[in-house]
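Before any comments, here is the structure.
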There are 4 protein chains.
Amino acid sequence: MARIKSPEKRSAILEAAVHEIVEAGLGAPTAKIARRAGVAEGTLFTYFASKDELLNELYFEIKSELYRRMNAEFPHGASLKERAWYLWSGFLVWAIENPEKRKVSVQLNVSNLITPETRARTTEDRRGIDAILADLSKSPALSEMPAGFAAAMMGAMHEATSEMVAQYPKKRKKLIEQAFRVFWRAVQ
Amino acid sequence: MARIKSPEKRSAILEAAVHEIVEAGLGAPTAKIARRAGVAEGTLFTYFASKDELLNELYFEIKSELYRRMNAEFPHGASLKERAWYLWSGFLVWAIENPEKRKVSVQLNVSNLITPETRARTTEDRRGIDAILADLSKSPALSEMPAGFAAAMMGAMHEATSEMVAQYPKKRKKLIEQAFRVFWRAVQ
Amino acid sequence: MARIKSPEKRSAILEAAVHEIVEAGLGAPTAKIARRAGVAEGTLFTYFASKDELLNELYFEIKSELYRRMNAEFPHGASLKERAWYLWSGFLVWAIENPEKRKVSVQLNVSNLITPETRARTTEDRRGIDAILADLSKSPALSEMPAGFAAAMMGAMHEATSEMVAQYPKKRKKLIEQAFRVFWRAVQ
Amino acid sequence: MARIKSPEKRSAILEAAVHEIVEAGLGAPTAKIARRAGVAEGTLFTYFASKDELLNELYFEIKSELYRRMNAEFPHGASLKERAWYLWSGFLVWAIENPEKRKVSVQLNVSNLITPETRARTTEDRRGIDAILADLSKSPALSEMPAGFAAAMMGAMHEATSEMVAQYPKKRKKLIEQAFRVFWRAVQ
DNA sequence: GATGAATGAGGTTTCATTCAT
DNA sequence: TATGAATGAAACCTCATTCAT
């Protein structure tokens, strides 16, 4: 058999795409992405049929990585508050450790490029997370709100907190905890 | 003397840009924007020196319009809660009435295209708003958080609420009110 | 108003396309066509939306030119034989004077690029020619053959004669006449 | 010793090339040809050093097959008319049974890809055919025409008849016979 | 010999911007 | 000022061919 398609190369391309998009936006040329990944221009297209597919895969991989990480040491038996805290801090730590991926994920999310199929695939790995959010939604404060509100709010507050942490990296631990307190008061 | 540059044409171009960007992202061609605005390709460049400048102006105009509107009937003497409510509902009503502008504003905001100068200009019209946010920041819940946290939090919860209102437009009044209650509890 | 799209440039592009296709086949690059026509690469696409459209237009123009020429001094009242001769010699003279266009026309014709619409447009200018062919079809030799047979036969014999004339250009007059005699005997 | 190159694979590639060229023209990618033939992309190049060579071989094989078939039951002693009829009908039956090969052969013929060497190789198997055509050329009608005229005309009229048969497949027998009558009258 | 991943030159087309009218 | 034709760099993608396996 010929050479087998190498997962390393695939990853290198996705990784390179993250950097280039951070620097140049979604218009970042495939040629530059390929160069940064250390492969030929054409090689990129043996791994991804088109730039659009590359971007969809990138979105999926970023979300996947995050969710996989969140599911890793999930405290299944713990109290709702403990589980909520696990979610809250887990996401923020990831976001802080991967600021570029977070930025790219946001850009892809507001673009029109991500297909419904990709979004659907993305949802599959969210079971654990969604269970917590469903429980949160039952609290008196949110009981009359529509289903996704708890999730939307957590996402939004994550966003805000990430932004603050990016500005004051030294206070990161305190910011995460205090923001959680605000969040918890809101949803109780 | 020569003709004067017409404010109507300028507005038409900005308006057209909003539609095109919603449909095609920030890569929307200037030629299509011009056509939609009913002007010639070249004319666009007599109003805006470059596409980047157009996008910066667009961002500024959207923010300006929003802030101008917020400042219009500002309840200067009112209580903090009343003023917070004014802010809360004012923004959401605008966001609901201008979903395209909101989307474009988000896209521009996460792109690398908006210059610090534009962001600075944008801040000028925020005096009234910032006064409220500064007062909010003094509340016990937020007193130890950095300066922008209250603003970020409000923005985040606005985001979440906008999303929900977009999904359930009929419940819009109730959603705005209940979400405000959640917000107010969180920041108190 | 801005510059008006110049028919000269359009013609230059079509003309250049003929030369390039003769030299390099239908795969001739648009860039080379543009260069030969003395215009920028992009200019080609302001005159023809795509390479396919360019090739369709080229096919149409070649056919058009030929038919226009055939209709020019048409001997409307003359006998069938005289009119057949007019057709026969007219086409051959054109083919001999325009060997490149003839070659390109053949290549386009056997390719899959020419749309039914283009073929239909092409037929419009053929009235005079078709009238003769219809009369020819009524001869005893062809009366039982399907409608297009006379045309196909004439085309075929033209083809053969053109080929011979290309090989023996000096005998061209004699070849055209003798071949017509053969043709006429065949269809009588 | 290593495996020997399989004639079946060679044929499969040529066969696949016919189909692909009919569908996509001479620009048909070697990758698609290989896939359709059921071999790997690279394998194609162990059988044919380049795409050009593949196309030349294809042209040669098509012509070869046709001529081999024509030579099969050749009526050596028969009258000129009988032999001409054998040629006429033999070719047309082949053309009708192999419309794709005929089309590809025409396309290759008008392209610039076929080398003089290939054309020369092609001529070798034509002895029987050329003998008939030489005899035909001596007829009073053609005696003053250059050598290849009879062949060119037969080819052209074949072309025309093939086209008609393709349109009216049911009348095929009658068309072939009547067209031969026209042809015969022309060359007598 | 067979495979198909890798290559990168080259193809078509788009698009921000300029400039003659 | 307004126009839109003209420009050519640069984008995405294709494809014949090579070569490691």
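So that the names make sense, note that chain A is the first sequence line, chain B the second, and so on, each numbered from 1.
- If you take CZ of C:R35 and P of E:dG10, they are 12 Å apart, rounded to a whole angstrom.
- For residues 43-56 of chain B, the set of pairs meeting the salt bridge (charged side-chain N to carboxylate O under 4.0 Å, His left out) definition, not counting sequence neighbours, is empty.
- Taking atom CD1 on A:I4 and atom C1' on E:dA5, their separation rounds to 9 Å, with Å as the unit.
- For the atom pair CD1 (B:I13) and OG1 (B:T46), the distance works out to 6.5 Å, reported to the nearest 0.5 Å.
- Remark: B:L66 pairs with B:M70, B:F91, B:W94 by the side-chain contact (heavy atoms from CB on, under 4.5 Å) rule, at least two apart or across chains.
- The side chain to side chain donor-acceptor pair (under 3.5 Å) check on C:E61 picks up C:R10, with sequence neighbours excluded.
- Across all strands shown, B:S6 has no heavy atoms under 4.0 Å from either base or sugar-phosphate atoms.
- Scanning for side chain to side chain donor-acceptor pair (under 3.5 Å) contacts around C:T118 gives C:N56, C:T115, with sequence neighbours left out.
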Mind listing the N/O atom pairs, protein and nucleotides 8-11 of chain F, below 3.5 Å?
residue: F:dG8; atom: N7; partner: C:G42; partner atom: N; Å: 3.1

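- In secondary-structure terms, DNA chain E builds stems of at least 3 consecutive Watson-Crick or G-U pairs, each pair having both distances under 3.5 Å, at E:2-21 with F:2-21.
- The distance from atom NZ of C:K5 to atom P of E:dT21 is 17 Å, rounded to the nearest whole Å.
- Residues of residues 108-117 of chain C having a heavy atom closer than 4.0 Å to DNA chain F: none are found.
- You'll find that the side chain of C:K9 is closest to F:dA6, out of E:dA2, F:dA6, E:dT13.
- Summarising the geometry, the separation between CG on B:D52 and P on E:dC15 is reported as 16 Å, rounded to the nearest angstrom.
- Remark: P of F:dC15 and CG of D:L26 are 14 Å apart, rounded to the nearest angstrom.
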### Task
List the steps, then state whether side-chain contact (heavy atoms from CB on, under 4.5 Å) holds for C:I21 with C:Q107.
CA-CA 9 Å; C:I21 290 169; C:Q107 271 184 269; 4.2 Å; yes
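- The listed nucleotides are E:dT3, E:dT12, E:dA6; the one nearest the side chain of D:T46 is E:dT3.
- D:Y67 pairs by the side chain to side chain donor-acceptor pair (under 3.5 Å) definition with D:R126, not counting sequence neighbours.
- E:dG1 atom C1' lies 12 Å from atom CD1 of D:I13, rounded to whole Å.
- Among residue pairs with one or both ends in residues 103-125 of chain A, those qualifying as salt bridge (charged side-chain N to carboxylate O under 4.0 Å, His left out) are A:E57-A:R121; sequence neighbours excluded.
- Put simply, CZ on C:R10 is 17 Å from C1' on F:dA6, counting in whole angstrom units.
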Would you be so kind as to tabulate the donor-acceptor pairs closer than 3.5 Å made by side chains of residues 32-40 of chain C, with sequence neighbours excluded?
residue: C:R36; atom: NH1; partner: C:E20; partner atom: OE2; Å: 2.8
residue: C:R36; atom: NH1; partner: C:E23; partner atom: OE2; Å: 3.4
residue: C:R36; atom: NH2; partner: C:E23; partner atom: OE2; Å: 3.4

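- Taking C:K9 as the reference, nothing meets the side chain to side chain donor-acceptor pair (under 3.5 Å) condition, with sequence neighbours excluded.
- Two residues, A:A49 and D:F45, neighbour DNA chain F, and the one matched to the more 5' nucleotide by heavy-atom proximity is A:A49.
- For the OP1/OP2 pair of F:dA6 and a distance below 4.0 Å, the side-chain nitrogens and oxygens of C:Y47 include at least one atom meeting the criterion.
- With sequence neighbours excluded, no residue forms a salt bridge (charged side-chain N to carboxylate O under 4.0 Å, His left out) with D:E100.
- Atom C1' of nucleotide F:dT14 and atom CG of A:L44 are separated by 14 Å, given to the nearest angstrom.
- Residues D:I114 and D:L55 share a closest heavy-atom pair of CD1-O, 4.1 Å.
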